[in-house]
Amino acid sequence: MKVVFSRMLCVSALVFAVASLHGQTPQSSGSKDPRVGLKAGLKDAGVAASNMELVANLPKPPGFFDPKEPAGSPTAAEKPVVKPDPNKPATEKPAAEEPAVQKPATEKPAVPPGSGLNYANSDLAFRGTNLIAGNFSGFNVYDISTPAKAQLIASVVCPGGQGDVSIRGNLLIMSVEQTRGRLDCGTAGVEEPVSPVRFRGIRIFDITDIRKPQQLAAVQTCRGSHTHTLLEDPDDKANIYVYGSGTSAPRSPEELAGCSDKKPEEDPNTSYYNIDVIQIPLANPAAAEIVSQPRIFSDSTTGAIAGLNKKGDHGPGTQTTSETNQCHDITVFPEVGLAAGACSGNGILLDISDPVKPVRLDAAADKNFAYWHSATFNNDGTKVIFTDEWGGGTRPRCRITDQPEWGANAIFDIVDRKLQFRSYYKLPAPQTEFENCVAHNGSLVPVPGRDIMVQAWYQGGVSVFDFTDSAKPFEIAYFDRGPVDAKQLFTAGLWSTYWYNGYIYGTEMARGLDIYQLRSSPHLSQNELEAARLVRYDVFNPQQQPRVVHQVSPTVARAYLDQLTRRNALPAARVSAITAALSKPDPAELDPLAAQLQQDASSASGQTAEILTALAETLKGIR
């Protein structure tokens, strides 16, 4: 990956030090990343791309944008951060870094204006040839049987934000958190501070007829559902489970019994410091209910429920980290029995062998993280990437003046079920003050033998990077547009980008649905791409991470061979012999080559040994 900070010649030595910290190779002095200086515009912004291309963009349909303000309203000016003055009395409190996003439950909630985030696109889920794109005002369904000619086939207006979605069979699950949400999916909002028509929690839709979704159930929760995670227990075929993560203030107990906004020392049953575990009976989804609210942040010694990070900085020059009283996102990896929770002030690792009673195995803290936001495992479950949503996603946090460790990814190895930090990765192209930009949602690109992730960075665009060596991540592809506006900040850009059956799909908050395709390059061969495209999902929910088992095929073997060639791990004559043998696979030729590769692997080490072994096993399996 190239680091564009080096374009500032006077600080080239400093840049090299920063790049080395990230395991990244700095750009040569005087060079300029094509993403810098792009023309602004909602529909006609300048574009820069490397090793990937945009094959389709579908604008947001009517009902999902304000015709008077199609880009939304300008983002309000940021409040300055005021650090405590040691010379002033301790009773004088500094201003908060971020404005509050939720009024206390006792105040009358205003009906939100029809602009800004209320029309923003959010997360994605996939089933077969259909894609469902969440939105703060509902969701849209697309036919992606021919990705370059994708078509909108259904729209469901059902406001409440943030509209994250997931799919299981004929069930669609959607998160609702805003106080304007209504049980009937109405658009009038709810003005009363306490109301029987308000809905905040998990909606369940029947999508047997994908063109006509029908709401089956609505599970109310105290803090609503900002995001959720679908989980299936192999020992429980009758039910599915949902981990609900609420990040707003608890509602009044007058509206939902049992809710409490008190501190844990005031009320041990406070609605903070837990997640909601919701059981959905497959035979009767309407009977869905909360079955547990595990205190996964408790102190393992004292049992105190507020046992992890307290809000505050970590000393001079460090980030102000949020308190750990909630999870923003939880990613489950059932095949390895683990979940990774990005939980505001900490990244946590969970044992999910009992879905109703997840157990915390480890918790990571980081002086450079403001808000632990989301998580992605590698395909072996031996690494996990946590993102830091510094600035809440609505602020410019990829400027040349921003620290490269802030608003970035933190990459961890998982060793003996413990988290071990390895490096950071941040979008290497600086963005302007009019582009909200920070690490956000992404998924793996299933290239055999490598750990590659595609990730959204809001108005920073898309970055595809390799983290096979968790200490040395590097960028291999990108796509970026110029800012929505050249003179003021609008909250826009890519919320999520996910690989699904050969293409990358992205929800652009203001510009609609993007569809991309990766191109071959020195960093990613055509054989590697073709091997990744062999992976086919029937259903894909990004927070319910599946383990990919690659086919035993000549295509996959060629991908491994390209990787060994790139590493100069085999003599040219051996590469030629294997290439020739794969053109007309015959066990009589492949088996001796595989045996030779096994011998090579026994004297190699690290990733090279792993790839040699994988190629040998693939050659032996081709019949």
Side-chain angles (χ1 to χ4, degrees), residues 23 333 335-338 377-385 411-423 444-453 465-474 476 522-532 534-535 546-623:
F333 198 163
E335 284 86 348
V336 297
L338 296 175
F377 291 96
N378 71 336
N379 191 51
D380 294 331
T382 58
K383 302 169 191 167
V384 63
I385 293 177
I411 304 173
F412 290 80
D413 286 348
I414 301 172
V415 181
D416 296 328
R417 308 191 107 188
K418 299 293 182 182
L419 297 167
Q420 295 186 3
F421 173 78
R422 289 293 179 259
S423 68
L444 298 183
V445 178
V447 174
R450 297 176 68 179
D451 296 324
I452 296 176
M453 182 172 176
F465 63 97
D466 181 302
F467 66 104
T468 308
D469 183 342
S470 52
K472 297 179 180 179
F474 62 94
I476 60 177
H523 301 298
L524 187 64
S525 72
Q526 189 62 37
N527 288 322
E528 289 175 303
L529 279 173
E530 292 302 327
L534 290 176
V535 176
R547 169 171 273 170
V548 173
V549 178
H550 292 281
Q551 296 182 18
V552 174
S553 71
T555 301
V556 172
R558 292 186 188 102
Y560 290 133
L561 188 59
D562 286 351
Q563 292 165 19
L564 293 169
T565 302
R566 193 181 293 124
R567 292 169 172 267
N568 296 315
L570 289 176
R574 294 272 303 286
V575 172
S576 297
I578 296 171
T579 301
L582 286 171
S583 64
K584 295 181 179 180
D586 180 348
E589 292 187 34
L590 294 176
D591 287 351
L593 292 170
Q596 200 170 10
L597 289 166
Q598 290 282 26
Q599 288 183 344
D600 294 335
S602 65
S603 59
S605 61
Q607 294 156 9
T608 299
E610 292 174 4
I611 300 169
L612 286 165
T613 300
L615 177 55
E617 292 297 325
T618 303
L619 294 183
K620 288 191 293 185
I622 294 174
R623 293 293 183 265

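In this text the structure is predicted, and so the values were computed from the model without any measurement.
You'll find the side chain of Leu570 reaches within 4.5 Å of the side chain of Asp600, heavy atoms only. Counting heavy atoms from C-beta on, the side chains of Tyr560 and Ile578 never come closer than 4.5 Å. Between Leu590 and Lys620 there is no side-chain heavy-atom pair separated by less than 4.5 Å. Residues Gln598 and Thr613 meet the side-chain proximity criterion, which asks for heavy atoms closer than 4.5 Å. Counting heavy atoms from C-beta outward, Ile452 and Leu444 have side chains that stay 4.5 Å or more apart. Looking at Arg574 and Leu564, their side chains never come closer than 4.5 Å, going by heavy atoms from C-beta outward. Counting heavy atoms from C-beta outward, Ile414 and Phe377 have side chains that approach closer than 4.5 Å. Taking 4.5 Å as the limit, some side-chain heavy atom of Thr555 sits within range of a side-chain heavy atom of Leu534.
With Arg558 contributing its side chain and Leu582 its backbone, the two residues share a donor-acceptor pair below 3.5 Å. Judged purely by atom type and a 3.5 angstrom limit, Gln563 uses its side chain to pair as donor or acceptor with the backbone of Pro448. Counting only distance, with no hydrogens or angles, the side chain of Ser602 and the backbone of Gln599 share a donor-acceptor pair below 3.5 Å. Looking at Arg566, its side chain does come within 3.5 Å of a backbone N or O of Pro522 through a donor-acceptor pair. One N or O on the side chain of Ser423 and one on the backbone of Ser470 form a donor-acceptor pair closer than 3.5 Å.
Using the six-membered ring where Trp is involved, His523 and Phe474 have ring planes that are tilted, between 30° and 60° apart.
Take Arg547 and apply the salt bridge (charged side-chain N to carboxylate O under 4.0 Å, His left out) test, not counting sequence neighbours, and it matches no residue. For Asp413, the salt bridge (charged side-chain N to carboxylate O under 4.0 Å, His left out) partners two or more places apart in sequence, or in a different chain, are Arg422.
Distance CG/Asp562 to CD/Glu528: 6.0 Å, rounded to 0.5 Å. Taken to the nearest 0.5 Å, the CD atom of Glu335 stands 12.0 Å off from the CG atom of Asp380. A distance of 9.5 Å separates CD1 in Ile611 from CG in Leu615, rounded to the nearest 0.5 Å. Put simply, CZ on Phe465 and CD1 on Ile385 are 4.0 Å apart, with the number rounded to the nearest 0.5 Å.
Closest heavy-atom contact between Asp451 and Asn379: OD1-N, 4.2 Å. Across all non-hydrogen atoms, the minimal contact from Phe467 to Lys383 is O-NZ, 3.3 Å. In this structure, Gly621 and Val552 approach most closely via the heavy-atom pair C-CG1, 3.3 Å. In this structure, Ile622 and Ala557 approach most closely via the heavy-atom pair CD1-CB, 4.4 Å.
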**Item:** Step-by-step side chain to side chain donor-acceptor pair (under 3.5 Å) determination, Asp466 to Thr468
**Value:** CA-CA 6 Å; Asp466 181 302; Thr468 308; 2.9 Å; yes
**Request:** Quick one: do Thr618 and His550 satisfy side chain to side chain contact (heavy atoms under 4.5 Å, CB included)? Show the steps, please.
**Result:** CA-CA 10 Å; Thr618 303; His550 292 281; over 6 Å; no
**Request:** Apply the test side chain to side chain contact (heavy atoms under 4.5 Å, CB included) to residues Leu597 and Leu619: give CA-CA distance (whole Å), side-chain angles for both, the deciding distance (0.1 Å), then the verdict.
**Result:** CA-CA 10 Å; Leu597 289 166; Leu619 294 183; 3.5 Å; yes
**Message:** Please determine whether side chain to side chain contact (heavy atoms under 4.5 Å, CB included) holds for the pair Thr608 and Leu612, giving the CA-CA distance in whole Å, both sets of side-chain angles, and the decisive distance to 0.1 Å.
**Reply:** CA-CA 6 Å; Thr608 299; Leu612 286 165; 4.0 Å; yes
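Counting only residues at least two apart or on different chains, the salt bridge (Lys or Arg N to Asp or Glu O under 4.0 Å) pairs with a member in residues 576-599 are Asp591-Arg623.
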